[in-house]
> 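First, the structure itself, so that you have it in front of you.
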Amino acid sequence: MATNINYAFASFVSTVDGPLLQVENDVTLTNTRIHGIHATGVGTFTLSDIVGGVTTTKIKFVNTTAADVSQIYIEDFGVRFNGIVNVEVPTTASTVAVQYG
């Protein structure tokens, strides 16, 4: 059975950046559109794509207190990411989950 709602997640234990991994199979998320973001942690979050070694920032936002939990929905077609979808988070305790497709 095919689904049109997919999720990817990143939780960082020893590093504060890396690729987002698809929930169902831990494959690096590539060539997609981001439609929603859920993030926890304090500081700046950056979602970028990496194509041919060139990193381009596509989405950037800040959580200012420990009580902040970002819940972002992007209407219409979402934001297009080409190549690897990479996330940079402010601390190793931060988490990011995205809805994509």
Side-chain angles (χ1 to χ4, degrees):
M1 175 194 264
T3 180
N4 62 353
I5 300 173
N6 300 291
Y7 293 92
F9 181 76
S11 178
F12 299 97
V13 177
S14 60
T15 183
V16 292
D17 61 21
L20 285 170
L21 300 178
Q22 297 175 12
V23 170
E24 69 273 8
N25 57 12
D26 283 342
V27 171
T28 299
L29 188 61
T30 60
N31 301 320
T32 193
R33 291 183 178 275
I34 302 295
H35 296 280
I37 303 167
H38 176 87
T40 63
V42 178
T44 302
F45 294 77
T46 306
L47 280 81
S48 307
D49 63 11
I50 302 172
V51 179
V54 177
T55 302
T56 304
T57 298
K58 300 288 184 130
I59 300 172
K60 191 172 191 175
F61 59 94
V62 176
N63 284 352
T64 56
T65 70
D68 281 354
V69 175
S70 291
Q71 195 70 25
I72 301 167
Y73 298 100
I74 304 165
E75 296 186 31
D76 298 324
F77 295 110
V79 177
R80 176 76 183 153
F81 284 74
N82 300 304
I84 296 171
V85 180
N86 193 66
V87 63
E88 294 178 33
V89 296
T91 68
T92 56
S94 302
T95 63
V96 175
V98 299
Q99 180 183 358
Y100 69 93

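In this text the structure is predicted, and so the values were computed from the model without any measurement.
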> Nearest 0.5 angstrom please: Ile37 CD1 to Ile72 CD1, how far?
4.5 Å

> Looking at every heavy atom in both Leu21 and Asp26, which two are closest together, and how far apart are they?
CD2-O, 3.6 Å

> For the backbone of Gly101 and the side chain of Asn6, can you confirm whether one donor and one acceptor N or O come within less than 3.5 Å of each other?
no

> Indicate the atoms forming the closest heavy-atom contact of Gln99 with Tyr7, along with that distance.
CB-CE2, 3.9 Å

> Among pairs that include at least one residue of residues 17-63, which meet ring pair (Phe, Tyr, Trp, His ring centres under 6.0 Å), considering only residues two or more places apart or in two chains?
Phe45-Phe61

> Distance-only criterion, 3.5 Å: show the donor-acceptor pairs between side-chain atoms of residues 75-83 and protein atoms not counting sequence neighbours.
from: Arg80; atom 1: NE; to: Asn82; atom 2: OD1; distance (Å): 3.2

> I need the minimum non-hydrogen distance between Tyr100 and Ala8, along with the two atoms involved.
CE2-N, 3.7 Å

> Between Asn86 and Pro19, what is the shortest heavy-atom contact and its length?
OD1-N, 3.4 Å

> Using the rule that two of Ile, Leu, Val, Met, Phe, Trp, Tyr join whenever any of their side-chain heavy atoms come within less than 4.5 Å, decide whether Val89 and Ile59 are in one cluster.
yes

> Val96, Val42: one ILVMFWY side-chain cluster at the under-4.5 Å cut-off?
no

> Looking only at non-hydrogen atoms, find the nearest pair between Gln22 and Thr28 and report the distance.
NE2-O, 4.1 Å

> If every non-hydrogen atom of Thr44 is compared with every non-hydrogen atom of Lys60, which pair is closest and at what distance?
CG2-CE, 3.5 Å

> Who else is in Val62's hydrophobic cluster (ILVMFWY, side-chain heavy atoms under 4.5 Å, direct or via others)?
none

> State the CG-OG1 distance between Asp17 and Thr46, to the nearest 0.5 angstrom.
9.5 Å

> Please answer: with hydrophobic residues joined when any side-chain heavy atoms are less than 4.5 Å apart, are Ile84 and Val98 in the same cluster?
no

